[in-house]
Protein chains: 2
Amino acid sequence: MSGRPKIFDDQEVIGKATELFWRQGYEATSTEDLLAAMGIGKGSFYLAFKGGKKELYEKVLEQFNEKAITRSKKELAASKDPIEFIRNFFRSIVTSPKKIHQKGCFFGNAIAELSNTDILLMRKAANHLKELEELFHDALTIAQKNGQLKNQQDPALLARTLLSNWNGLGITRRIYPDNEILSELIEMQLKILE
Amino acid sequence: MSGRPKIFDDQEVIGKATELFWRQGYEATSTEDLLAAMGIGKGSFYLAFKGGKKELYEKVLEQFNEKAITRSKKELAASKDPIEFIRNFFRSIVTSPKKIHQKGCFFGNAIAELSNTDILLMRKAANHLKELEELFHDALTIAQKNGQLKNQQDPALLARTLLSNWNGLGITRRIYPDNEILSELIEMQLKILE
DNA sequence: AATGTTTTGTACTAAATGGTAAAGAACATA
DNA sequence: TATGTTCTTTACCATTTAGTACAAAACATT
């Protein structure tokens with residue numbers, strides 16, 4: 001019932017594939033590239049991911065979201081000031097290593113690349129970003145209730161604006177890979193939270 | 001001195017290639033796709049564009065920028081109210097046909113896809129977006145001088161913020177392909193111009 | 001009509017790519 | 001040790017793709 005043992009862990013190789021997809025995008029990444037990065041052979045790969053590259057990409061999106069969202073939710077829950085949580089979220093662009101943040105937003109990249117070639121994958125990425133918007137929304141409603149946010153505009157609209165700002169920074173930070181400029185820009189965007 | 005006549009015009013076929021690149025992105029578009037769209041054969045193609053797909057893409061970026069920027073500069077010059085020009089620029093997202101605007105910002109897409117695989121092409125797209133930022137900057141300084149803009153913050157920072165908002169909308173409009181939602185979002189972003 | 005020039009069309013090559021198939025390796029259980 | 005099961009490895013195939021080469025076509029000039 002239990003044959004030859006697997007030499008790899010699914011979630012682990014999905015994580016390794018993430019880096020490639022994030023840096024090169026979906027189309028520019030070949031299955032052979034992925035195999036090399038994951039350290040497994042074709043046979044194992046197509047057995048574990050019968051849908052090939054596409055199925056792998058879906059799982060990469062899923063895992064990425066899982067990791068990012070659960071961590072952020074914990075951070076928000078642990079935070080005394082939901083507004084400060086949002087600020088830190090945006091400021092992480094300039095505090096995180098350049099190598100990472102220069103790749104932009106993984107989901108934003110996916111939408112940009114795939115919205116006209118693979119609607120299914122694009123929609124998956126879009127839904128994950130909606131979860132981020134929801135997180136903003138949660139933080140804002142809490143803050144308004146606690147009197148930690150003067151701005152009394154519709155939290156749904158505010159959250160959506162934050163998401164769009166986030167999407168923008170995913171592109172702009174590659175036009176201006178300069179922490180000074182980005183910081184100034186981010187603080188400008190964050191004025192909406194005053 | 002003048003051999004067999006060309007059956008196509010360079011700028012014209014560059015225009016035809018634009019649509020494909022814009023919709024599918026760089027990697028997902030094969031040279032054969034392009035040949036079909038441009039309506040020419042391999043021989044002609046590689047004679048006119050010795051650098052192949054990459055050279056064609058560069059020229060597509062260039063032509064796109066040329067068209068968009070010159071048109072916008074004229075619009076700004078013809079406008080009595082520079083702020084209204086900017087507003088219209090953003091509102092064009094909801095007024096233009098869905099088929100077009102759902103492809104997002106061509107330059108933004110290029111940056112998202114190519115920033116880690118082809119720095120040269122990415123930088124070209126980035127520079128074109130900087131020209132757009134310059135246009136915003138021009139409009140803002142004129143408006144401030146004319147007293148048409150109460151907001152007295154640094155026009156350079158305002159222009160950069162507008163650019164980033166634009167980049168964001170290029171992604172967000174595909175997450176929310178709904179004119180009501182987009183309109184609300186755009187008006188929110190434009191409050192910076194009050 | 002002959003010549004020179006530029007473009008076109010097609011045939012071809014070489015490499016990359018996605019995916020399948022089958023043999024055997026590594027386990028658990030009986 | 002024999003058997004059944006699952007995973008791995010490698011070989012293989014078919015297709016797509018980028019790019020080149022070359023003969024012929026379509027002009028202008030002489």
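Letters A, B, ... mirror the listed sequences (proteins, then strands); counts begin at 1.
Looking at A:Asn165 and B:Ser164, their side chains never come closer than 4.5 Å, going by heavy atoms from C-beta outward. Annotation: side chain of A:Leu162 is not in contact with side chain of A:Phe89 (no heavy-atom distance under 4.5 Å). Taking the side chain as every heavy atom from C-beta outward, A:Leu121 and A:Glu58 approach each other to under 4.5 Å.
The pair A:Glu133-A:Arg160 meets the salt-bridge criterion, with a side-chain N (NZ, NE, NH1 or NH2) lying under 4.0 Å from an Asp/Glu carboxylate O. Using a 4.0 Å cut-off between charged nitrogen and carboxylate oxygen, A:Glu134 and A:Lys73 do not count as a salt-bridge pair. Salt bridge B:Glu84/B:Arg87: present, at least one basic N to carboxylate O contact under 4.0 Å.
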Which pairs, protein N/O on one side and nucleotides 10-13 of chain D N/O on the other, fall under 3.5 Å?
none

Please write out each protein N/O paired with an N/O of nucleotides 23-26 of chain D under 3.5 Å, distance rounded to 0.1 Å.
from	atom 1	to	atom 2	distance (Å)
D:dA25	O4'	B:Arg4	NH1	3.4
D:dA25	N3	B:Arg4	NH1	3.4
D:dA26	N3	B:Arg4	N	3.2

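Rounding to whole angstrom units, CE of residue A:Met38 and C1' of D:dT8 are separated by 14 Å. At whole-Å resolution of the value, OH in B:Tyr46 and C1' in C:dT7 are 17 Å apart. Rounded to whole angstrom, the span from the CG atom of A:Leu47 across to the P atom of D:dT9 amounts to 12 Å. Atom C1' of nucleotide D:dT16 and atom NZ of B:Lys53 are separated by 13 Å, given to the nearest angstrom. A:Leu56 places its CG atom 14 Å from the C1' atom of C:dG18, with the value rounded to the nearest Å. Distance NZ (B:Lys6) to P (C:dT5): 19 Å, rounded to an integer number of Å. The nearest whole Å value for the distance from the CZ atom in A:Phe45 to the P atom in D:dC7 is 15 Å. In this entry the distance linking NZ of B:Lys50 with C1' of C:dT7 reads 11 Å, nearest Å.
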Exercise for review: Give the intermediate values and the outcome of side-chain hydrogen bond (donor to acceptor under 3.5 Å, both in side chains) for residues B:Tyr176 and B:Glu184.
Suggested key: CA-CA 11 Å; B:Tyr176 291 107; B:Glu184 209 184 16; over 6 Å; no
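Note on ring orientation: taking the six-membered ring where Trp is involved, the planes of A:Trp22 and A:Phe106 are tilted (angle from 30° to 60°). Ring geometry for B:His128 against B:Phe107 counts as tilted: the plane angle lies between 30° and 60°, on a 0 to 90° scale.
Of the residues in residues 15-32 of chain B, those with a non-hydrogen atom less than 4.0 angstrom from any atom of DNA chain D are B:Ser30, B:Thr31, B:Glu32.
In summary, of the residues considered (A:Gln63, A:Glu55, A:Glu62), a side chain to side chain donor-acceptor pair (under 3.5 Å) with A:Lys59 occurs for A:Glu55 alone.
Contact annotation for A:Ile40: no contact, since no heavy-atom pair falls under 4.0 Å across all strands. Residue contacts for B:Phe49: at a heavy-atom cut-off of 4.0 Å it reaches no nucleic acid atom on any strand shown.
Summarising the geometry of A:Glu66 relative to A:Thr70, their closest heavy-atom pair is O-OG1, 2.6 Å, with the distance given to 0.1 Å.
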